[in-house]
Amino acid sequence: MPLALLALAIGAFGIGTTEFVIMGLLPEVAADYGVSIPTAGHLVTGYALGVVLGAPLMTVLGTRVSRKRMLMLLMVLFIAGNVLSALAPAFGLMLLGRIVASLAHGAFFGIGSVVAAGLVAPEKKAGAIAMMFTGLTVANVVGVPLGTFIGQSTGWRATFLIVAALGVLGLLGIARLVPEQPRPEGVRLRHELAAFRNVQVLLAMAMTVLGFGGVFAAITYITPMMTGAAGFADASVTWLLVLFGLGMVGGNLVGGRFADRALMPMLYVSLGALALVLALFTFTAHHKAAAAVTLTLIGALGFATVPPLQKRVLDQASGAPTLASAVNIGAFNLSNALAAWLGGLVITAGLGITAPNWVGALLAASALGLAVLSGALERRDRRGASRIVTGSTAEPALTNEAPTAPARR
């Protein structure tokens with residue numbers, strides 16, 4: 001794998017850290033600004049919405065810029081947002097800093113996926129995408145716990161300054177290691193938008209929302225689930241999330257490896273197994289050891305779908321993949337909001353603290369259904385194309401065999 005993927009992974013590590021570390025620092029931020037915890041929670045919601053809106057917006061704005069230069073500009077935006085968050089004297093400015101940083105998120109992963117895939121041979125594209133996303137998964141194992149510890153020990157502002165420094169490191173790595181990849185000649189915004197008329201692209205994005213929504217349905221409520229149902233102490237939740245993060249790292253690498261060999265079968269297996277494990281989590285969540293193992297499997301199976309889904313979008317929008325790739329990243333954050341809302345509904349309805357796991361299982365099963373539909377449509381289109389090719393090659397053969405008039409004596 002090219003060394004340039006390391007630079008992309010560093011950028012992904014910083015972005016992943018800033019996205020999730022705020023969840024562990026909400027009490028400190030709320031106390032510093034004198035706001036309630038629910039009000040401080042807008043820092044999470046604002047970031048997610050910024051990713052969903054920023055992914056297509058920043059990609060469209062960068063249509064006339066080379067991909068390398070756009071990645072560098074996005075890292076500058078990310079650095080500025082985190083510096084503003086760290087130095088903000090008022091909560092409103094802190095929220096603005098979070099939104100500014102979030103605008104770089106979707107476009108960075110979207111454009112970065114295209115760049116990563118272009119650095120390697122066609123049969124290694126999913127593996128290259130997985131290498132870049134490794135930075136995001138490792139952030140959940142190392143960056144988020146370490147950033148939370150630093151923020152709680154020395155002040156939350158220090159955490160965001162360190163994240164900004166990671167952005168500077170990623171920026172320098174991209175400038176030094178990532179080769180220039182100019183946009184293909186003749187590709188304009190209308191070509192990028194045309195990708196959304198492809199049913200397969202829309203199906204892949206729907207699979208992203210539903211499949212990863214299954215993961216977020218469980219993880220959003222993991223703290224009350226593990227402390228209330230499994231009986232873990234509050235302090236143990238951090239290490240449970242580390243296990244979840246380790247599962248994400250392993251699943252991401254395995255998903256990238258096997259997606260290059262058999263993409264659709266990889267999706268069938270990972271989504272089917274994810275639906276099953278989420279359903280089982282309703283029962284294993286009441287036992288400490290079983291809950292820890294199941295949580296790790298959810299992380300592994302959930303992220304095993306990421307490289308194949310991202311590659312699926314790139315393949316189906318191959319003529320102009322940048323915008324579609326970025327929007328698919330936004331779909332992951334849309335799934336977060338959808339799953340959290342649905343999980344909250346079933347808890348409010350009195351179905352129990354483990355009820356979100358059933359919601360997650362149904363979402364993952366729905367994604368599997370879409371994957372089966374997508375595969376069936378693709379096989380149908382291939383058969384149709386094969387019949388057209390066969391028919392077109394058969395006609396000349398008939399004319400060659402036509403009888404000729406007998407020669408005169």
Side-chain angles (χ1 to χ4, degrees), residues 1-16 67-68 71 106-143 170 173-174 177-181 200-201 204-205 207-208 211-212 215 245-274 296-297 299-318 321-322 324-326 328-329 331-332 367 371 374-375 378:
M1 290 290 179
L3 194 59
L5 292 175
L6 176 61
L8 296 175
I10 292 173
F13 179 85
I15 291 174
R67 288 166 180 161
K68 175 178 178 175
L71 287 173
F108 180 87
F109 281 104
I111 297 172
S113 294
V114 178
V115 171
L119 292 172
V120 297
E123 67 274 10
K124 294 183 178 180
K125 285 185 177 182
I129 294 171
M131 287 296 294
M132 184 190 73
F133 274 89
T134 297
L136 177 62
T137 58
V138 172
N140 285 274
V141 180
V142 179
I174 293 169
L177 299 174
V178 174
E180 286 286 352
Q181 286 189 2
Q200 292 288 9
V201 172
M205 291 180 178
M207 283 185 265
T208 297
F212 221 73
V215 176
L246 289 172
M248 291 169 61
V249 174
N252 175 60
L253 295 175
V254 171
R257 182 179 181 85
F258 284 95
D260 279 324
R261 299 180 182 181
L263 191 150
M264 292 308 294
M266 182 64 203
L267 279 178
Y268 299 150
V269 172
S270 56
L271 288 172
L274 178 62
T296 306
L297 288 175
L301 293 169
F303 247 80
T305 67
V306 175
L309 282 172
Q310 195 68 8
K311 183 175 184 291
R312 181 74 172 168
V313 170
L314 293 180
D315 289 346
Q316 297 300 323
S318 57
T322 310
S325 176
N328 196 49
I329 298 299
F332 284 102
S374 177
E378 188 171 50

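These values consider heavy atoms only, across backbone and side chains, with no hydrogens, waters or symmetry-generated copies. All residue numbers in this chain count up from 1 along the given sequence.
- Side-chain contact between Thr305 and Leu301: absent, with no pair of heavy atoms (C-beta onward) separated by less than 4.5 Å.
- Of all heavy-atom pairs spanning Ala7 and Val178, the tightest one is CB-CG2, 4.4 Å.
- Separation of atoms OG (Ser113) and CG (Asn328) is listed at 8.5 Å; rounding is to 0.5 Å.
- Note that CZ of Arg257 and CG of Asn252 are 13.5 Å apart. Values are rounded to the nearest 0.5 Å.
- Looking at Val115 and Lys68, their side chains never come closer than 4.5 Å, going by heavy atoms from C-beta outward.
- Within the model, atoms CG of Leu71 and CG of Leu8 stand 6.5 Å from one another, a figure rounded to the nearest 0.5 Å.
- A donor-acceptor pair under 3.5 Å links the side-chain atoms of Gln200 to the main chain of Ser374, judged by distance alone.
- Proximity of Pro307 to Phe258: side-chain heavy atoms (C-beta onward) are nowhere separated by under 4.5 Å.
- Side-chain contact between Asp260 and Glu123 is absent, with no heavy atoms from C-beta onward closer than 4.5 Å.
- Val215 approaches Gly302 most closely through the heavy-atom pair CG2-CA, 3.6 Å.
- The two residues Ala107 and Ala326 make their nearest non-hydrogen contact at CA-CB, 4.2 Å.
- Closest approach of Phe109 to Gln310, counting heavy atoms only: O-NE2, 4.3 Å.
- Nearest heavy-atom pair across Ala128 and Leu5 is O-CD2, 3.9 Å.
- The shortest distance between side-chain heavy atoms of Phe212 and Leu309 does not fall below 4.5 Å.
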Between Asp315 and Leu263, does the side-chain contact (heavy atoms from CB on, under 4.5 Å) criterion hold? Intermediate values first, please. CA-CA 11 Å; Asp315 289 346; Leu263 191 150; 4.2 Å; yes
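- Considering CG of Leu271 and CE of Met266, their distance stands at 9.0 Å, rounded to 0.5 Å.
- Rounding to the nearest 0.5 angstrom, the gap separating the CZ atom in Phe13 from the CG atom in Leu6 is 12.0 Å.
- Here Leu253 contributes atom CG and Thr137 contributes atom OG1; the two are 6.5 Å apart, rounded to the nearest 0.5 Å.
- With a 4.5 Å cut-off on side-chain heavy atoms, Val201 and Arg312 do not count as touching.
- The closest side-chain heavy-atom distance from Gln316 to Glu378 is below 4.5 Å.
- Lys311 places no side-chain N or O within donor-acceptor distance of the main-chain N or O of Ala126, the cut-off being under 3.5 Å.
- Between Val306 and Leu136, the closest side-chain pair of non-hydrogen atoms is not below 4.5 Å.
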